[in-house]
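Scroll down for the structure; my scribbles are underneath it.
First the proteins, then the strands, lettered A, B, ... as listed; each starts at 1. Both backbone and side-chain heavy atoms feed into the values below; hydrogens, waters and symmetry mates do not.
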4 protein chains.
Amino acid sequence: MTADPETKLRADARRNRDQIIAAAKEMFAAQGPDVPMEEIARRAGVGVGTLYRRFPDREALIRAVAQHNFALVLEEARAAAREEPSAWQALVRLLRQSRELRLSVQLALVSPLAWTILRNDAKTQEFRDAILDVLDGIVRTAQQDGTLRTDIGTGDVAVLVSLLLRRIPFAPDEDLLLDRALTLILDGLSARQGSPLPGAPTSAFDLMRAKHSRKEAPPGCA
Amino acid sequence: MTADPETKLRADARRNRDQIIAAAKEMFAAQGPDVPMEEIARRAGVGVGTLYRRFPDREALIRAVAQHNFALVLEEARAAAREEPSAWQALVRLLRQSRELRLSVQLALVSPLAWTILRNDAKTQEFRDAILDVLDGIVRTAQQDGTLRTDIGTGDVAVLVSLLLRRIPFAPDEDLLLDRALTLILDGLSARQGSPLPGAPTSAFDLMRAKHSRKEAPPGCA
Amino acid sequence: MTADPETKLRADARRNRDQIIAAAKEMFAAQGPDVPMEEIARRAGVGVGTLYRRFPDREALIRAVAQHNFALVLEEARAAAREEPSAWQALVRLLRQSRELRLSVQLALVSPLAWTILRNDAKTQEFRDAILDVLDGIVRTAQQDGTLRTDIGTGDVAVLVSLLLRRIPFAPDEDLLLDRALTLILDGLSARQGSPLPGAPTSAFDLMRAKHSRKEAPPGCA
Amino acid sequence: MTADPETKLRADARRNRDQIIAAAKEMFAAQGPDVPMEEIARRAGVGVGTLYRRFPDREALIRAVAQHNFALVLEEARAAAREEPSAWQALVRLLRQSRELRLSVQLALVSPLAWTILRNDAKTQEFRDAILDVLDGIVRTAQQDGTLRTDIGTGDVAVLVSLLLRRIPFAPDEDLLLDRALTLILDGLSARQGSPLPGAPTSAFDLMRAKHSRKEAPPGCA
DNA sequence: CATGAATGAGTCTTCATTCAT
DNA sequence: CATGAATGAAGACTCATTCAT
């Protein structure tokens, strides 16, 4: 639909671009978003010059990596909605898959720098909204099916997703731990029960609202 | 009970030390653990030299801030265990309070650098273990009271705590959202119900195990 | 025959490298081995960055300068051995030339820092040994010719060489003074006479032995 | 004769002063004249404040250490002249002793910084001249005795002394090596023989001349 | 007076970005 | 168009010196 930079590139140039994004993704994951540009270039097997030709500065690279990741998540979400027999199962898969995407996504969430950059990036927001859209469909259907509590909204689910994307400090066997946490959370989501929740169901729109307050630093920034 | 470096310091030196930690805490929170040392010094109202006299390098400062924060959390946990009428309520308070400590704690969790530093810091580990100890008492009591699921362990609860310590990307009204998430999670923890969980209850000890594998980089590091 | 780092460099890079070494040599001589890197860079007509690209730190630069100098001395020694009609004359020329190399060599001998660095540098040791080798040939021949005392060894001569490499404090007309000292010393070396010497002739090997005790600080270090 | 700062000091203050000079002498010898002032203070067992009360800055400390050392050398020279049966033997002892004073003196000769400071220090010059004076007496007498070559002057001897004050780079068994070198040099000095020397005998005055060109940087300085 | 805390200027070193080859 | 060399600004850290306790 959109993706200009991905089209119209000579084969080799295209390959370079992909290698750079892959390299950056790994290094961002491992060392945070301030790894030296030169190291990214080296890992990608190109010179710095080439990197800079493709991405004019670090911000552009961060944006590109984030978009790339969000696109994968969106793909996954659509596949879940499409392929799973029930909305609840789609939800389960989504939460679980998201966790698997953790390693590639979290990079973008980790640093206040990246945070600010992405908050102001239109394309990233579009992806996010598209993902929320898909999630919204799943949530509503699950609630109609009677499998999901009706006192919650898509936003609430999104929040839980985002929590599950993080690393656990110092933990051995992180995967199993997160798997168990996921199950506990799903139990909290199921229709069977109900502590009263504070506030009103948080809609997808509530989260999208965020984009109206562009240019803001993350809360807590000086 | 308290650490050595905190005692036996001339009055003014002591005050400086405190101001530096406070300043670092805020700036780490706002900008991540790589804010210029000079800015921290400025915010603390001292010269860089003073900062370096007290903390020989950035690592030492990060450690000090982390220890300071963990001490607060431990204090809170003990207060909750002591003052609340039931273990369940202690647990609820703990989860909620921890969330309030979020801003000060997360700083330490955010960067791969900080991660590695703290993973290898003995004093930090001691604090963590002490906190897990308190939590362990609460969890066992709540399970005996029949308010907490018995197929989970202290470690599982700790994981949920740590998840709730994070920021939510792009979210407006973060506090309300996390409050709702907390409630959902508590519902998942309550004794009323039970999806089968993968693995066995994760004990406090399971998490403490981590300390045996010192010196390791965070998983994902190259 | 020549070192690796000197080859395969783009023409301009190579020129820069040479200029940096020349500049460092002069400034080390004039101000000691702790002149600001930036001044060296300025004198070489490059930015600091360039200097650091070529020599990762001060130590590397010191090593490079020392190797460069030792290579010159070795060249000189070989020329003397090759071109002079007698071994004695080669010896005289060597002692005299060495004195001329004083300005460039002494820099490396002056500071405890440089001392330690070079003592642990393999390439520097190789050069030193090669020089001793040439000297050894000259010494033995001169002794067979009956022009050089036979109760001394190559090491003894080397010691005298190294003494003549130094500056004389506060002296006006340093060159003439050293020239006279050199003559006096040569008189002491000539076969004509002989006070008994303490110990046995010091061989080249005796000096090379030093390399077995690597990593040692200069005698006198705390 | 002169020494004001050494008089009129309370006993403890005096002891402090001595300890500081001793500490500085050792550290200058071991690490060069730019060791941190604080380390000198620590080794002397006093606070920096005390050090600075006694010596307003590094230069003053360097001067004090140098004067202290020169005073020792002067003492030695006088003792040699007074106690030895012949001038030649006094000369031998002087050269040998000087070598023993090496460790304490060389510190002052090592760095271009110290060099410049001392060259401009009147008291240091006085000491040097007094030493040359004593040496001059010895030299003249030895020449009259017919034991010392007459084509050399006191300055020539002084140059040889100063050469023997240095360290030998990388050498094992430095002491024996210098002992042998000393003997060779003495052989060059003895009256028995005579290569023609360049220039004229260098008098003590020739060396003293240096003080007329105050404020000059060491030859070779930028 | 002694002490050691505070200050800040001075260096080293790194890295984003530009540009010649 | 790719490369990697050059640049210089920015930040870490040290240490001489001053000054409050």
Whole angstroms only, please: what is the [atom1]-[atom2] distance between [X] and [N]?
{"X": "C:R14", "N": "E:dT21", "atom1": "CZ", "atom2": "C1'", "answer": "18 Å"}
{"X": "B:E59", "N": "F:dA12", "atom1": "CD", "atom2": "P", "answer": "14 Å"}
{"X": "A:F55", "N": "E:dT17", "atom1": "CZ", "atom2": "P", "answer": "14 Å"}
{"X": "C:I40", "N": "E:dT13", "atom1": "CD1", "atom2": "P", "answer": "11 Å"}
{"X": "B:L51", "N": "F:dC15", "atom1": "CG", "atom2": "P", "answer": "17 Å"}
{"X": "B:Y52", "N": "E:dA9", "atom1": "OH", "atom2": "P", "answer": "16 Å"}
{"X": "D:Q31", "N": "F:dC15", "atom1": "CD", "atom2": "P", "answer": "11 Å"}
{"X": "A:L61", "N": "E:dA16", "atom1": "CG", "atom2": "C1'", "answer": "13 Å"}

Starting at the 5' end of DNA chain F and moving along, which residue's nearest nucleotide shows up first, B:P56 or A:V48?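 Of the two residues, A:V48 wins.
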
Taking the side chain of [X] as its heavy atoms from C-beta onward, which of [options] lies nearest to it?
{"X": "A:M37", "options": "F:dA2, E:dA16, F:dT18", "value": "E:dA16"}
{"X": "A:D57", "options": "F:dG11, E:dC15, E:dT17", "value": "E:dT17"}
{"X": "D:R53", "options": "E:dT11, E:dA2, E:dA6", "value": "E:dA2"}

Working to the nearest 0.5 Å, report the span between CG of D:L118 and CZ of D:F70.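 Answer rounded to 0.5 Å: 7.0 Å.
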
Quick one: do A:D34 and A:F28 satisfy side-chain contact (heavy atoms from CB on, under 4.5 Å)? Show the steps, please. CA-CA 7 Å; A:D34 27 345; A:F28 285 170; over 6 Å; no

Keeping the roles fixed (side chain from [X], backbone from [Y]), state whether a donor-acceptor pair exists under 3.5 Å.
{"X": "D:D57", "Y": "D:A60", "answer": "yes"}
{"X": "A:R54", "Y": "A:D18", "answer": "no"}
{"X": "C:R58", "Y": "C:P33", "answer": "yes"}

For DNA chain E, list all stems, counting runs of three or more consecutive pairs where every pair is Watson-Crick or G-U wobble with both distances under 3.5 Å.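 Counting only runs of 3 or more consecutive pairs, the stems involving DNA chain E are E:2-21 with F:2-21.
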
Is the phosphate of [N], meaning OP1 or OP2, less than 4.0 Å from a side-chain N or O of [X]?
{"X": "B:T50", "N": "E:dT7", "answer": "yes"}
{"X": "D:N16", "N": "E:dA2", "answer": "yes"}
{"X": "D:R58", "N": "F:dC15", "answer": "no"}
{"X": "D:R54", "N": "E:dA2", "answer": "yes"}

Which part of the nucleic acid, if any, lies within contact of B:V46, taking any heavy atom under 4.0 Å across all strands shown: a base, the sugar-phosphate backbone alone, or nothing?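 Answer is sugar-phosphate: B:V46 comes under 4.0 Å of backbone atoms only.
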
Checking side-chain contact (heavy atoms from CB on, under 4.5 Å) against A:F55, which of A:V65, A:I40, A:I21 comes through?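 Output: one option passes, namely A:I21.
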
Less than 4.0 angstrom from a charged side-chain N to a carboxylate O is my criterion; do A:E38 and A:R42 meet it?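 Here A:E38 does not pair with A:R42 in a salt bridge, since their nearest N and O are not under 4.0 Å apart.
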
Inspect the contact between B:R63 and B:E59 and indicate whether a charged nitrogen and a carboxylate oxygen are less than 4.0 angstrom apart.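 Looking at B:E59 and B:R63, the cut-off is met.
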
Reading DNA chain E from 5' onward, which residue's closest nucleotide shows up sooner: B:G47 or C:G49?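 Its nearest nucleotide being more 5', the pick is B:G47.
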
